[in-house]
There are 4 protein chains.
Amino acid sequence: MSSPPPANAPSKGDRTRRRLLDAAAAEIARRGPDGTSLAAVARRAELKAGSVYFHFDSRDHLIEAVLEEGVRESLRILDDAVSALAAPSAAPERLRAAVRAHLRAIEELSDYAMVVLAPPFHTAGDRMPVYRDALRTYLARWTELISDAQDAGVLPGGTDPRSLRDLVLGGLNASGLAGRPVADTARAMESLLGLDDG
Amino acid sequence: MSSPPPANAPSKGDRTRRRLLDAAAAEIARRGPDGTSLAAVARRAELKAGSVYFHFDSRDHLIEAVLEEGVRESLRILDDAVSALAAPSAAPERLRAAVRAHLRAIEELSDYAMVVLAPPFHTAGDRMPVYRDALRTYLARWTELISDAQDAGVLPGGTDPRSLRDLVLGGLNASGLAGRPVADTARAMESLLGLDDG
Amino acid sequence: MSSPPPANAPSKGDRTRRRLLDAAAAEIARRGPDGTSLAAVARRAELKAGSVYFHFDSRDHLIEAVLEEGVRESLRILDDAVSALAAPSAAPERLRAAVRAHLRAIEELSDYAMVVLAPPFHTAGDRMPVYRDALRTYLARWTELISDAQDAGVLPGGTDPRSLRDLVLGGLNASGLAGRPVADTARAMESLLGLDDG
Amino acid sequence: MSSPPPANAPSKGDRTRRRLLDAAAAEIARRGPDGTSLAAVARRAELKAGSVYFHFDSRDHLIEAVLEEGVRESLRILDDAVSALAAPSAAPERLRAAVRAHLRAIEELSDYAMVVLAPPFHTAGDRMPVYRDALRTYLARWTELISDAQDAGVLPGGTDPRSLRDLVLGGLNASGLAGRPVADTARAMESLLGLDDG
DNA sequence: CATGAATGAGGCTTCATTCAT
DNA sequence: AATGAATGAAGCCTCATTCAT
């Protein structure tokens, strides 16, 4: 017979769930949340549409899970990068690390990043509280970083840090989602932010 | 018995067409192109869904008309602003005028701007050549402005001007669409671009 | 001003009505009564759909007028041909004249014939009494001709003449509508009916 | 708890599919392919319109399946009848068997036959290649039979066998579809074709 | 006479969802 | 854990028809 599974191995159900999340992320990245049909996701995951309901309560719950996972992973990458700095580190240094982390997230998360960062998807937040809260946390973290940099004189004070944050994140996302080379984008943004040299 | 209409008065059809475009812009701004149903547009325009076909060939044609008008108007505002400068004017001056024009477009065009600038809508471009071409023209104009600014030493050379362009436009759009005060956004962006003083 | 029209000249309305009938016949011949839309007919007649209602009470009335005209003309051709024979003429001679007249009708009436003779259109008869009655008259005339030929010993007696009539007309119609050369069809049918030589 | 189904029992899906085909045949026979609405078919099959799509890709595919099945069954009946003759059998004998087979098909296939044989339905062939090909095969088989009969001197030579075939099939169809007694129609056609006695 | 504009009904199709198996 | 089958709502579109102009 088959040998017993290792202790922490993902069960069959876990693996199917993962396939569904990946399939949904791919569809959402290509067609947007509204253009994504359960049938298309199921097909991509090699399942029938009805079977999705064994793993998720509804189409919206599946989509929300994808969006939330995207933001949560982005936050993890961001926090890891900032934590990895020799503490205590200066605001500009942290800001530069954040810029790079954000771009790395876009690169590494592929479909999940596309799904999360494209601004118009934010409208989905209305119906999806878990996703909305995760996004708020992510943005709050950035607001802090920006605010600190303003206090340190690296960024212009007297401006709502959220405006600056949107300017920075919006720029990074647009460039990243357009497929510009990450190194290019990073260098240009760091130059604009006056973070050129260590 | 009714007095004759003035020479250039819009006909009843013209007025209905305009109502439809505005209604569609509002819906698209709120739900995205894919989330916009013909019935919702018609309801907003106080028409029945079937009547839309008297004015547009299909839902897609209507949506494309909205997107295209948004970009076209944005381009007009941009070109007007740059042309209004005392010629010949320097690259930085032109860039600053463009930044302000773009923000003004976001403000003035309201729904149409939202519709046009939100990056993910770009996917709609696949099926909508007229919109796609208009968008290309708009982006090309910006690439030029950026490139000139690079040549003038205001922006970092050695970077693909399209990366810089996406950074700038992406930032402005995100900030503008998020409803940040335009003055704030303008000041912050000009500071980042080193355009602070004349 | 314009000179007064000649006494019996068709009025403008008459001419439009004729254009509509011809256009409808063409559409019906190509797509069948159910596949024929008012818009298509109007387009072919270079009118707008709404204008049709000035000339006909409804789409069904227009279609019925076409069908009826087709049968009426076929009957005229048939009666003319039989009347033209040197009276009194024998049954076989009359039958041969009828066969040739029917084929000539198919040829000359073109769209109108196609419209009339294709059996499945008979279902339209349910809603269209004028057409149904005209068709009955036509079929009755043929039943007589067949019956006379049976009495004259040219066709097998002891068979319901209507069965024979359907056999003959069905064959002629199928061959004619399939576009077989009329001479071929006529010769073959006359041979089957034993009408080869005078 | 329920006893296991017999080996070759049709599944629930098979039975629904059959109900749909029958319902569609009935509708087509009564209103023609163009007059047949999905809703009407679904109602007759005691299903909702949308459910049809679980079994067929589109309304056109369903209709084509009906037409094709009608011709295919007719061909089977024809081939069975001719094969059943003591081989080798003479051309006239085969032709007589074919005439009777064709009439039997009209009788047995009921709605399916009506659907298949009514000439104007041929226009449907444009969009329906499977049906078109089946029909061609059927007609080709008849052309052979006719041609052989010509060679054997039973039917007039010097005439395109396809004209003769249309004459014969058109006659049989018209008479069969009009509901004439099959025995009457068979006797009359055999008399016309000179096939009266063995 | 004819058009422009609108309507309401109906048609085809997609889709999220349910449920028995 | 997954499928087969069905549903009902909704979406897009066509069309006969009406009516003011």
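Since the structure is predicted, the reported quantities are computational estimates derived from the model, not experimental observations. Below, chain A is the first sequence line, B the second, and so on; all start at residue 1.
Atom CG in D:L20 sits about 12 Å away from atom C1' in F:dA6, given to the nearest Å. One can place CZ of A:R59 at 9 Å from C1' of E:dC15, the figure rounded to the nearest angstrom. When rounded to the nearest whole Å, the span between CZ of D:R19 and P of F:dA5 equals 12 Å. Atom CZ of C:F56 is separated from atom P of E:dC1 by 13 Å (rounded to the nearest Å). What separates CZ of D:R31 from P of E:dG11 is a distance of 10 Å, to the nearest Å. Put simply, CG on B:L47 is 16 Å from P on F:dC13, counting in whole angstrom units. Rounded to an integer number of Å, the gap from CZ of A:R17 to P of F:dA1 is 12 Å. For B:R43 and F:dC12, the CZ to P distance is 11 Å, given to the nearest whole Å.
Within 4.0 Å (heavy atoms only), D:S37 reaches sugar-phosphate atoms of the nucleic acid but no base atom. The residue A:S11 sits apart from the nucleic acid: no heavy atom pair falls under 4.0 Å. Residue A:G50 is classed as a base contact, given a heavy-atom separation below 4.0 Å to a base.
Phosphate contact (OP1/OP2 of E:dA5, side-chain N/O of B:S51, threshold under 4.0 Å): absent. In this model, the phosphate group of E:dG4 is not approached by any side-chain N or O of B:H55 to a distance below 4.0 Å at OP1 or OP2. A sub-4.0 Å separation between OP1 or OP2 of F:dG8 and a side-chain N or O of D:K48 is present.
The shortest side-chain heavy-atom distance between D:L21 and D:Y112 falls under the 4.5 Å cut-off. Taking 4.5 Å as the limit, every side-chain heavy atom of D:V52 sits out of range of all side-chain heavy atoms of D:V41. Taking 4.5 Å as the limit, every side-chain heavy atom of D:R30 sits out of range of all side-chain heavy atoms of D:T36.
The residue among B:G13 and D:L38 whose nearest nucleotide of DNA chain E is located toward the 5' end is B:G13. Closest-nucleotide positions on DNA chain E for C:T16 and D:A49 were compared, and the one nearer the 5' end corresponds to C:T16. Nearer to the 5' terminus of DNA chain F, by closest-nucleotide assignment, is the contact made by D:E46 (compared with the other of D:E46 and C:Y53).
With a cut-off of 3.5 Å on both pairing distances, the Watson-Crick or G-U wobble partner of E:dT14 is F:dA9. Pair assignment for F:dA1: none, as no Watson-Crick or G-U wobble contacts are both less than 3.5 Å.
In this structure, CD on C:E27 lies 10.5 Å from CG on C:L38, to the nearest 0.5 angstrom.
Side chain of B:F54, nearest nucleotide from F:dC13, E:dG4, E:dA16: E:dG4.
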**Request:** Would you sort out whether D:L47 and D:L20 count as a side-chain contact (heavy atoms from CB on, under 4.5 Å), showing the intermediate values?
**Result:** CA-CA 9 Å; D:L47 241 69; D:L20 276 171; 4.3 Å; yes
